[in-house]
Amino acid sequence: MSLLEIHNVCKNFKIGNESVSVLNDLTLTVNKGELVCLLGVSGCGKTTFLRLISGLEKQTSGTILINGTQYKIRNRTVNMVFQEPRLFPWLSVQDNIIFGLKRNDHSKAKNLKVTEIINKLGLSPYIHEMPYKLSGGIAQRVALARAIVTEPELLLLDEPFSSLDSITKNSIMEDLLDLWKSANMTIIHVTHNLDEAIMLAQKIIVLKYRNNSTECFDIMNLSYPRNPESDYFKELKSKVFNSY
Amino acid sequence: MSLLEIHNVCKNFKIGNESVSVLNDLTLTVNKGELVCLLGVSGCGKTTFLRLISGLEKQTSGTILINGTQYKIRNRTVNMVFQEPRLFPWLSVQDNIIFGLKRNDHSKAKNLKVTEIINKLGLSPYIHEMPYKLSGGIAQRVALARAIVTEPELLLLDEPFSSLDSITKNSIMEDLLDLWKSANMTIIHVTHNLDEAIMLAQKIIVLKYRNNSTECFDIMNLSYPRNPESDYFKELKSKVFNSY
Amino acid sequence: MLKQVKIRLQGVILPLAIILIWQLVSNYGMVNSYILPSPHHIYFRCIQLIENGSLQQNILASLIRVVIGFLTALLLSIPLGIILGLNQRVKLLLNPILSFFQQIPGIALIPIFILWLGIDETSKIAIIVYSAIFPILLNTINGIETTDKNLIEVAIINGISKVGLAYRVYLPSMLPSLFVGMRLGLSYCWRSLVAVELLGASKGLGYLIQQGRELAQPETMFLGVFIIGLIGMSFDNVSKGFEKKIIRFKSNDYKED
Amino acid sequence: MLKQVKIRLQGVILPLAIILIWQLVSNYGMVNSYILPSPHHIYFRCIQLIENGSLQQNILASLIRVVIGFLTALLLSIPLGIILGLNQRVKLLLNPILSFFQQIPGIALIPIFILWLGIDETSKIAIIVYSAIFPILLNTINGIETTDKNLIEVAIINGISKVGLAYRVYLPSMLPSLFVGMRLGLSYCWRSLVAVELLGASKGLGYLIQQGRELAQPETMFLGVFIIGLIGMSFDNVSKGFEKKIIRFKSNDYKED
Amino acid sequence: SSSQQQTPALPKTINASYVSRPINVPSIVAQDKKMFETEFAKDNIEFKWHDLTTPDSQLEALASGSLDFANSLNNLSAILAKANGNDIKVISAYSAFPKGIALVAGSTAGISNEADLKGKKIGLQSGTMLYQMLIEDLAKSNLKKNDITIVNMDSSSALTALLSGQIDATILPDPLLSKAIASGKATKIRSAEGLISGLSVIAVRSDFAKNYPNLVKQFLQIHKQSLDWSTNNLDQALQLAATKNQMDIKAVKRMYPEFSFAMSMDNAKVDLIQSAEFLKEEGMISSDTDTTNLINDLIDTSFMPQ
Ligand SMILES: Nc1ncnc2c1ncn2[C@@H]1O[C@H](COP(=O)(O)OP(=O)(O)OP(=O)(O)O)[C@@H](O)[C@H]1O
Ligand SMILES: Nc1ncnc2c1ncn2[C@@H]1O[C@H](COP(=O)(O)OP(=O)(O)OP(=O)(O)O)[C@@H](O)[C@H]1O
Ligand SMILES: [Mg+2]
Ligand SMILES: [Mg+2]
């Protein structure tokens, strides 16, 4: 069953007096429970794409359906990790993380889950600190935690690991896969890292620069954990790379 | 000849009422014209280290010498690309890029050079735009351009490619190497990407997490361009990785 | 273009409606005309004063005072605000005394102004300056203090001098606050005119208002009020327009339907 | 601890020095004591009025007025500011009229206040409210408008309601501006007291100042001024302290030697 | 409504203004002794005092019905108000103190009589009794307004300006007057006696007077009582005034003889017509005003206690 349907979506931005097309006639479907990685060169419109899905930006034309209807923002079905951490400077790490939880949702079970996520992301030493004291990578993980704890049906990740070293990243990727499986989330993950995409995705979509086409690589069938050093992946990698 | 000497440097931060040590008794030398890559897990103190060198932060103890003397900030000997783009929101891309140039330094030659850098970084379509319209990767490149055009003796880069896709990144890395060679700059490049370090560095330094030690891998002798798929590099990569 | 006009029109609806109702209510004698004269009477008075030329003179006299006073207030408070915003020591030294004078009614300063500055224009300007200075000062300080530290670091590492820092980083960043301060300051200039022109003025809109009140000519008083309101409003609008032009960097924001 | 004391002391130096010089200059008859009485005389007057209990009553009367007026101004202007800051349509509709009234001298509104609100406390409070409302309003609007759009997006995507958005994002983010507005507003409350207490008050610090003026008792007037200055300053300091406590999120910044 | 002979029900409250400064003994005494409060309470009417010192606010409050009686309203303001449609009646004199108003000159200004005023700078508030005195005085020395420079300012500022040498002369009422002279920097040229009446009056809303003539009578009756009490207990009365205004008792005693609190309106009509003529000449009321009619309509002595 498809969770997200995108039909002939166009997005233009006004630059000066010109209207510049960023996304042009995009059509795409993401199924419930799928983990999709979205690739594309810098400035090709990945962030814009996520913002359209989340409802933060309105498409110039075309339709976007989530669960068959037009998505109403504030519905908590979709959450997003932005490309920048965007932490609330007046809230401690802990308060930032629980920002999106409903006020009446501070049950014990929920608290346990939040603590678990905090621990998995290695944030427990920092929970009482204010954001300005955090390193780039820690801040990014806090932003990730903030979105994950709300357990959205559809999670949009905009380069969530860009500031992480490989060790931290690998461990978090595993945790994310666990969560994805257990929580039955659908994830669209924007990344500029091929390895990352190959390690995670069931489907890899490459967005072309100021153009109407996307290319889609289906690797749904492959099991986790994956070995990016395998020949299959090397081949896939170069295929994806060439499709940019 | 050493450009940068770091002797027994400690840096503590106050967190609550405790003083937490981030860098402890660090000693290190960087020679003139060297390209050093600094690695380390998230939160280990890489950014702090760069901030100490740049003079934006004062060390708790120890000495930091640039060209044999204590560095006076505002001297334009050192420039830095921060982990976040930090663009001036009220300036266009172009004005952001030339922000650091001396007012009387708008010679034709200089202008040509600036244009060249803008072109190389793929920023020419954006020069008249305001920062809020830029994608993450474009903003990051603008920040990089802003530092490069001032041609500092010592250039500190704090994960300057974190938001770039591999194609863009590879092309920019080549340009950076060209510039480094021609301008006789010294570069300290913080990254969390091993491949990046191996492609660029003459020396790879791994900073250990809340600890007094660093590990240094000297690969000065190797020529560019490098092939990260070679066996030597694979071995080096795993050696560096294990030293984290 | 048409949309622009429509937007402008919307803002005029409410004032026009108020004036209309006011006139109607006056016609039916439902308000006390001794206190609240009808718009028609005020208009009549206006024509009268224009014809004998005194309105123009009153406006000019006040306008000159306000402009000089406001500019002086700007010249004093912006640099002072920058210094106080940047230098913690100076701030600690001057804070109590500034905080004290911030509270003092202008009328209480009149004897001192007379003693030191005489009864000519200088004293009048001083009262205007005093009325306007604190909104500008406090908003300047706030603008300085809320400037993004990250951008300041960028500027410093790029070798920007202190003066350069002030006008290339602090100034653009504090513009929204500064404009709030300036708009407030300017309106307090206008507001101070009555008190100002009690001190040895024989012309001016404040004088007109005061005279209207004392001579029990409410339409004269309201005429003065209207003109102050309208001129002040125009200044305010010009400043808002100016602000919009200068502060181009506001981002597009999410709009809910 | 000791450093704290030292810092506090620094701020007191300047005022003390001024008072000392003032006293010396007075002792040598270098200023006209009919215009500028010596600190000693003012102090003497103060003791006198404390002993007969009238000073306390005056202070209390004004204090109550200012507190009520200020709180009313807050209650009106913060919600209005939030609405104007968020809703472009309402802003366009109300802007001209607000911009107009922003310029009007309080004294010109007195007849209208008398007509509609009588000559009891309500009118006096209304004048105080009018004096304080615009700094709070404009700074609230500015606070709303300069709130980081990125954070608002985060809040919206996390399903925060409009009310939640107001008090979980806009409010904390606009606190610095809001405090500037509040501090300005409060000081204009104090400043308005003389005009306020000309309107049917037989007690209050403004009344005291006016009495001092009319009866040619400069020491009474200056006593009133001093007390307004001191109380206003204390309020201002409390508010600054409060602000520091609440706004914990300012980052450490680069300090030059 | 005049055809209906039944009088309207008594009002719940009566609002009256008082001015205690400079030494308005009757108001001070009446207030202290709660004379009005007690008397009107007998008819279940609450009596409220309002300390409205400026004539503008008094008149506005009368016009808006917030106030029923205004004490110590200066005669010029009353005339101006009446001429501009504020329907009030002057029912009694309140005070007159021409002796307590004087033209003073700075001791270094070189002014020893009115004739020396020529070419000098004189600070006072235009449109007031003080201004009226100046014009009358100038006329006596064959001077015109154009022969001097008038700087518009209130009396308090004028005192400051005179003492600091910013103006050459001014006209001051007591106690500012005695302060100026005590400073040694100003000399008294002449008092207002013989130039203006310096009259201030008690006024009532015409409406109120029409509806409750008996209450108006009662009001003046009580006012008279306060005057009688003051005369019989002068020391006590002056002490009250000193306390109320935070003044030195000596100053009060010295000033008191300058004041007349006689209620009689016998000469008032002439004085008021003179004032109205003055206002007309100065263009402060319309030039087609019939001053005699105006004053006749303004004054109503029918409520005076016998
Ligand atoms: N608000 C805006 N106004 C005008 N142009 C915009 C706006 N937002 C984005 N753009 C432009 O749209 C294009 C796509 O931007 P987007 O942020 O979606 O890219 P991206 O794929 O996320 O890039 P990156 O990998 O660098 O983050 C860019 O050229 C950008 O300049
Ligand atoms: N101003 C500060 N106050 C307190 N602690 C700080 C401050 N700045 C940094 N730290 C702490 O110092 C440690 C090192 O931070 P730093 O930013 O140098 O890390 P980093 O190596 O750059 O990490 P990343 O790769 O995530 O950017 C972190 O634990 C951080 O929380
Ligand atoms: Mg992006
Ligand atoms: Mg870092």
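By convention in this document, chain letters (A, B, ...) are assigned in the order of the sequence lines, proteins followed by strands, and residues within each chain are numbered from 1. Remember, predicted model here, so these are calculated numbers, not experimental data.
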Q) Which heavy-atom pair separates E:Gln166 from C:Ile119 by the least distance, and what is that distance? A) O-CD1, 3.6 Å
(Q) Heavy-atom cut-off 4.5 Å, strictly under: side chain, backbone, both or neither for C:Gln211 against chain E? (A) neither
Q | Side chain, backbone, both or neither of E:Asp154 within contact of chain C (heavy atoms, under 4.5 Å) | A | backbone
Q. Around C:Lys240, counting heavy atoms of other residues, nucleotides and ligands shown, do more than 12 lie under 6.0 Å from its NZ?
A. yes
Q. Is a side-chain N or O of C:Glu214 found less than 3.5 angstrom from the main chain of E:Gly127, in a donor-acceptor match?
A. no
Q) About how many Å separate CZ of C:Arg213 and CG of E:Leu80, when rounded to the nearest 0.5 Å? A) 13.5 Å
Q) In Å, rounded to the nearest 0.5 Å, how long is the span from OG of E:Ser164 to CD1 of C:Ile114? A) 6.5 Å
Q | Nearest heavy atoms of E:Met284 and C:Gln217, plus distance in Å | A | O-NE2, 3.6 Å
Q. Taking the side chain from E:Asn86 and the backbone from C:Tyr34, do they hold a donor-acceptor pair closer than 3.5 Å?
A. no
Q: Calculate, to the nearest 0.5 Å, the distance between atoms CG and CD belonging to E:Asn152 and C:Glu197 respectively.
A: 10.0 Å
**Q.** Proximity breakdown for E:Ser64 and chain C, heavy-atom pairs closer than 4.5 Å
**A.** both
(Q) Taking NZ in E:Lys185 as the centre, count heavy atoms belonging to other residues, nucleotides or ligands within less than 6.0 Å. Is the count above 12? (A) no
Q.
Rounded to the nearest 0.5 Å, what separates atom CG in C:Leu198 from atom OG in E:Ser156?
A. 11.5 Å
**Q.** Heavy-atom proximity to chain E below 4.5 Å, by part of C:Ile110
**A.** side chain
Q) So what's closer than 4.5 Å to chain C heavy atoms on E:Ser126: side chain, backbone, both or neither? A) both
(Q) Can you tell me which of E:Ile167, E:Thr160, E:Asp56 forms the most heavy-atom pairs within a distance under 4.5 Å of chain C? (A) E:Asp56
